[in-house]
Amino acid sequence: MGLVAIATAKFLGSFSVFLFLTVLLMVVARRISTSVLLFSLQSAIITAEVFAMGVREKLAAAYVVGALVLLIKVIAIPYAFFRLVDRLKSPRDVKASTTPTQSVFIAGAMIYLSYAAVHSFGQTVHVPEDALAAAVALILTGSFLMVSRKKALMQMLGLLVLENGIFLAALITTFGMPLVIEIGIFFDILVGLLLMGIFTFRIRDTFDHLDVSKLRRLRG
Amino acid sequence: MILLLPLIFALLGAVLVLGFRDRRAATRAALTIGAFEVASLGALVWQVHRQGPQQFGRYLRADGLSSFFLMNIAFIFALVLVYASGYLRHIPEGRFSSPRWFYALVFLFLFTMVSVCLSANLGLLWIMMEGTTLASALLVGFYNTEGAVEAGWKYLIVCTVGIAFALFGTIVLYLAAVQAGMNPAAALDWVALMDAVPGLGFDPHLVKLAFVFVIVGYGTKIGFVPMHSWLPDAHAEAPTPISALLSAVLLNCAMYAVMRYDAIVSRATGPAFPHTLLLIFGLLSMVVAGLLILVQRNLKRLLAYSSVEHMGIIAIGLGLGGPLGLFGALLHTFNHSVAKSLLFFSAGNVRHNFGTLRMDSIGGMSRTLPQTSAALVVGSLAIVGLPPFGLFISEFAILSEAFGQARFLVVGLFLVMLSVVFGGFAYHLLRLLGGEPAGVPSSPKLIPSEYAVMGIAALCLLVFGARIPHLFGVFLQEAIAVMR
């Protein structure tokens, strides 16, 4: 067994732990910029996971997907977020509606819940339980970030975390979808973020703030 | 090749109209390209009818079911485009709210919806479904008022999250197919899936899990309760032609996606599981939306909740299955879109005449705005399912199927909610039309283009109530044949 093979095997066995760490840190982060950095880190872990899969399964397409993830999620999106935070000139805290302590407990409960949820499916799909639980935990915490953070930017970030979870689930269960479809999904995410960026400017210009919990004109 | 034409024209339209700064020039360009678009869609539908399913490459395909929905799209799109040509004179010009941007986005929106119906691949179907959200979000926020921006943001976020769940469902189905031994390259192709499902033993747990995520995901776009929160806001705040497109075409496209999955899952696990889910969502949507109709104060929100209710009716038809249930559901997608377009067109006239859609500040419309009132009455009579309009036939078919299967709970709820909705519409309509005239309409006469589209829609409703045209009936049977 070569050194690369050992390294990939080690990484594939332990990457879930790192993902759980990013998730726990993300729910206690107080500043938008910290959350964006953590998202970038999380995507980097997933990139490494894609490459490790490519080495183990000898899939050429995995390198293309890995390069795309690296380029888009680790570099381009976080960069765009920092630019957006700068340009919007709004206060930089995330405006959480739960205290950090509560958030950690909720995130912990969600990780436990993910293990419980995948337990029955672990046997049928023949994948390591940890990996699948990490994917589900990302989906759950992404949703949690979306409902518990009041800033428009944090909702976008929560959506990205949720999307990371879905991507990870596809990766570990099926080694990813066909390449064309994968690229199409990336394209959709990019355009979606672009539109949300446009809307954050419009929200700020029409309402003078970015607190989406105060958008309550339409009811009933 | 014929599959590519409608896609090319739609994209071409989106690019070309951007070159026209003047409102009239942009309108003329949009109408010209729109005519080509509708013609190419017609040719495609005809080709499918004459030669059977069409395939282009690995990713595009059209069969009876797709061409039934494409026909629906082409008809409503033609009406909306003609209506928009007159309506745009009411939209104040802004940096991005210019006519050319409006038309460009409409063509992009159309492109994504046509692609949804032409996808041969469930992954591509998902990509295009997300594309419909992206293309229409800016249209929903087009007026750039507080309400429009809020509705646009909500639409974008809620639908993107919903659609993300559908992606997860797609992946789970893909996983089930790959595990059952299908070639990964073909495991998202719905024809291959339909063929492979009976032979290969798909893991029923995975297939069911996939369907749950898909119906929640695409159900968000259909507007099933409780995922409907974006729908009334988006419909009420969007410019009227867009409200009509959202309600009459987009919701049907999402329903089309669910129907594809329903067909596959029914083959894999038996129809009981997916059909029960459809029935639950259908009844829930019908009951909740029907009750909310009673308390609405804004005309377009009222119409939006009525869309939720009708999507519920269609889901009930699909959930019942059987020859009449499927027939009723498919016919209802068409009837509902015609009636709802007519109603939204009337609501658009109300808005620009009184500058508001709040029903308590409008009264005596039958005297001040007689033509629009007539259209509103015809549309409302049709939408509550009274004869002699088309919706009566389709609702009756669904109801007979429920009776035939002795599902008396479904029958009971269905009938109660139909009466509640009838009461709600009658109450709101009487207050709008009767009483002392409030407010002076700015331009009470309809212009010829508005006359034409509203006349065609009303006539279509009447014709379908009397008798389904022969050719349409054939198309309908071809669509039903695909689902069995």
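Fair warning: this is a prediction, and the values are worked out from it, not measured in the lab. Reminder, nothing fancy here: chain letters follow the sequence lines and each chain counts from 1.
Taking chain A as the reference chain and counting heavy-atom pairs below 4.5 Å, the highest number among B/N298, B/V178, B/V161, B/V295 is found for B/V161. Among B/A176, B/G131, B/G123, the residue with the largest count of heavy-atom pairs under 4.5 Å with chain A is B/G123. Contact tally against chain A (heavy-atom pairs below 4.5 Å) for B/T170, B/T160, B/L124, B/V172: the top residue is B/T160. Counting heavy-atom pairs under 4.5 Å between each of B/D203, B/L175, B/L209 and chain A puts B/L175 at the top. Ranked by non-hydrogen atom pairs under 4.5 Å with chain B, the options A/A169, A/A152, A/G142 are led by A/A152.
Within the 4.5 angstrom heavy-atom criterion, atoms from both the backbone and the side chain of A/I203 approach chain B. For chain B, the nearby parts of A/I166 are the backbone and the side chain; heavy atoms of each come within less than 4.5 Å. Using a 4.5 Å cut-off between heavy atoms, A/L194 does not touch chain B at all.
Other residues, nucleotides and ligands contribute more than 12 heavy atoms inside 6.0 Å of the OH atom of A/Y63. Within a 6.0 Å sphere centred on NE2 of B/H205, other residues, nucleotides and ligands contribute 12 heavy atoms or fewer. Counted within 6.0 Å of CZ on A/F18, heavy atoms from surrounding residues, nucleotides or ligands total 12 or fewer; the atom is thus considered open.
Here the CD1 atom belonging to A/I181 is positioned 10.5 Å from the CH2 atom belonging to B/W126, to the nearest 0.5 angstrom. For the atom pair CD (A/E163) and CZ (B/F168), the distance works out to 12.0 Å, reported to the nearest 0.5 Å.
Residues passing the salt bridge (Lys or Arg N to Asp or Glu O under 4.0 Å) test with B/K300, sequence neighbours excluded: none.
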Steps toward side-chain contact (heavy atoms from CB on, under 4.5 Å) verdict (B/E150, A/T206): CA-CA 10 Å; B/E150 179 180 346; A/T206 32; over 6 Å; no
side-chain contact (heavy atoms from CB on, under 4.5 Å) between A/V180 and B/R58, worked out: CA-CA 11 Å; A/V180 189; B/R58 276 171 55 198; over 6 Å; no
Pair B/E130-A/I189, side-chain contact (heavy atoms from CB on, under 4.5 Å): steps then yes or no: CA-CA 9 Å; B/E130 169 72 7; A/I189 295 170; over 6 Å; no
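Closest approach of B/P184 and A/P178 over heavy atoms only: O-CG, 4.1 Å. Contact record, B/L134 with A/G192: CD2-CA, 3.4 Å, taken as the closest heavy-atom pair. Across A/F207 and B/E146, no two heavy atoms sit closer than the pair CZ-O, 3.5 Å. The nearest pair of heavy atoms linking B/I127 to A/I185 is CD1-N, 3.9 Å. Contact record, B/W153 with A/Q155: NE1-OE1, 3.3 Å, taken as the closest heavy-atom pair.
In this structure, B/Y174 and A/T173 have side chains that are not in contact, with every pair of non-hydrogen atoms separated by 4.5 Å or more. Proximity of B/L138 to A/R202: side-chain heavy atoms (C-beta onward) are separated by under 4.5 Å at one or more points.
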